[in-house]
Amino acid sequence: MTEIRGKNATAVAPWAVLGVLGSLFPIVYLHFTSADVMNPIRHTVSDYTAVPDGTALLAVAALSLAVGSLVLRTRLVAAGLPRWGAAAVLIDLWAAALVVAAVFPTDPIGTPTSPSGLVHRYAGAVMFASLPLAGWLISRRFLPSPVVRRFSVAAVGTSGAFLLSHLALVAPGNDAVLLGLFERVLFAVLYGLLFALAREVSA
């Protein structure tokens, strides 16, 4: 196991935290201002494109999260993570998929799937597979931190549950009534994983 050396990354790691934190503000704002029309249990975060300024605010959130994640990736590499190893490439895929999902928003609720909506859906699948796997690899090979390991295992499990819940979207007669809940639990775990990685690399 090659252990990451946090002291080499202390100087810039706070910028990664700021990027990740900054992505939360537009999402929280949308939840508060759209509470009367959107159901967080039923509707995914992407569905907030249906509310005023939703597309722009979600794009800001996605880009901020992508930038924060890439800064964290840079700090992890500076601390010893292989630059083009599997974990670093998976973080790149996570960030790239966030950008793609922002450029190609989902379809309005109740409308047929468009090319943009299809791209958005596949970008989401890449997002929610890449970061949990990256965290799991980092926790196994480079960061012997119990906190990072727990978040990584939780991220893999919740990501699988969320992706499987999408089967209700394609199965005749089914309705994904808990899709929003599954996604929010997953996002909470992924944010926890990013913050745990930033904390370890800054130690």
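FYI, side chains are in, hydrogens and waters are out, and symmetry mates aren't considered; it's all heavy atoms of this structure. For this chain, numbers begin at 1 and follow the sequence in order.
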For [Y], is there any backbone N or O sitting under 3.5 Å from a side-chain donor or acceptor partner on [X]?
| X | Y | value |
| --- | --- | --- |
| R199 | F195 | no |
| S139 | G135 | yes |
| R184 | P40 | yes |

[X] with [Y], same ILVMFWY side-chain cluster at under 4.5 Å:
| X | Y | result |
| --- | --- | --- |
| L194 | L90 | no |
| L133 | I138 | no |
| L30 | I41 | yes |
| L181 | V189 | yes |
| Y191 | L143 | yes |

Nearest non-hydrogen partners of [X] and [Y], listed with the distance:
| X | Y | answer |
| --- | --- | --- |
| L193 | A155 | CD2-CB, 4.4 Å |
| E200 | S145 | OE2-OG, 3.2 Å |
| L137 | A86 | CD1-CB, 3.8 Å |
| A123 | A101 | CB-N, 4.0 Å |
| A61 | I27 | CB-CG1, 3.9 Å |
| D107 | G117 | OD2-CA, 3.3 Å |

Is there a side-chain contact between [X] and [Y] (heavy atoms, below 4.5 Å)?
| X | Y | result |
| --- | --- | --- |
| L179 | R42 | no |
| P82 | F142 | yes |
| S152 | V148 | yes |
| L190 | F151 | no |

Quick check for you: to the nearest 0.5 Å, what is the distance between [X] atom [atom1] and [Y] atom [atom2]?
| X | Y | atom1 | atom2 | result |
| --- | --- | --- | --- | --- |
| T44 | H120 | OG1 | NE2 | 6.5 Å |
| L70 | L98 | CG | CG | 9.0 Å |
| L81 | L76 | CG | CG | 5.5 Å |
| L57 | T49 | CG | OG1 | 11.5 Å |
| L58 | S23 | CG | OG | 11.0 Å |
| F104 | S116 | CZ | OG | 6.5 Å |

- Show the numbers, then the answer: is there a side chain to side chain contact (heavy atoms under 4.5 Å, CB included) between T113 and R121? CA-CA 10 Å; T113 302; R121 186 174 299 176; 3.8 Å; yes

**Prompt:** Could you walk me through whether T33 and V51 pass the side chain to side chain contact (heavy atoms under 4.5 Å, CB included) check?
**Reply:** CA-CA 9 Å; T33 58; V51 305; 5.9 Å; no

Counterpart residues, salt bridge (charged side-chain N to carboxylate O under 4.0 Å, His left out), relative to D92 (two or more places apart):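 With neighbours one apart ignored, the set is R73.
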
Using side chain to side chain contact (heavy atoms under 4.5 Å, CB included), reason through L65 and V20 one step at a time and then give a plain yes or no.
CA-CA 5 Å; L65 186 54; V20 175; 4.0 Å; yes

For this session: List the steps, then state whether side chain to side chain contact (heavy atoms under 4.5 Å, CB included) holds for L93 with L131.
Result: CA-CA 8 Å; L93 285 174; L131 187 60; over 6 Å; no

Answer yes if the side chains of Y48 and T55 hold a donor-acceptor pair under 3.5 Å, and no otherwise.
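Short answer, no.
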
Residues passing the ring pair (Phe, Tyr, Trp, His ring centres under 6.0 Å) test with F128, sequence neighbours excluded, are F162, F187

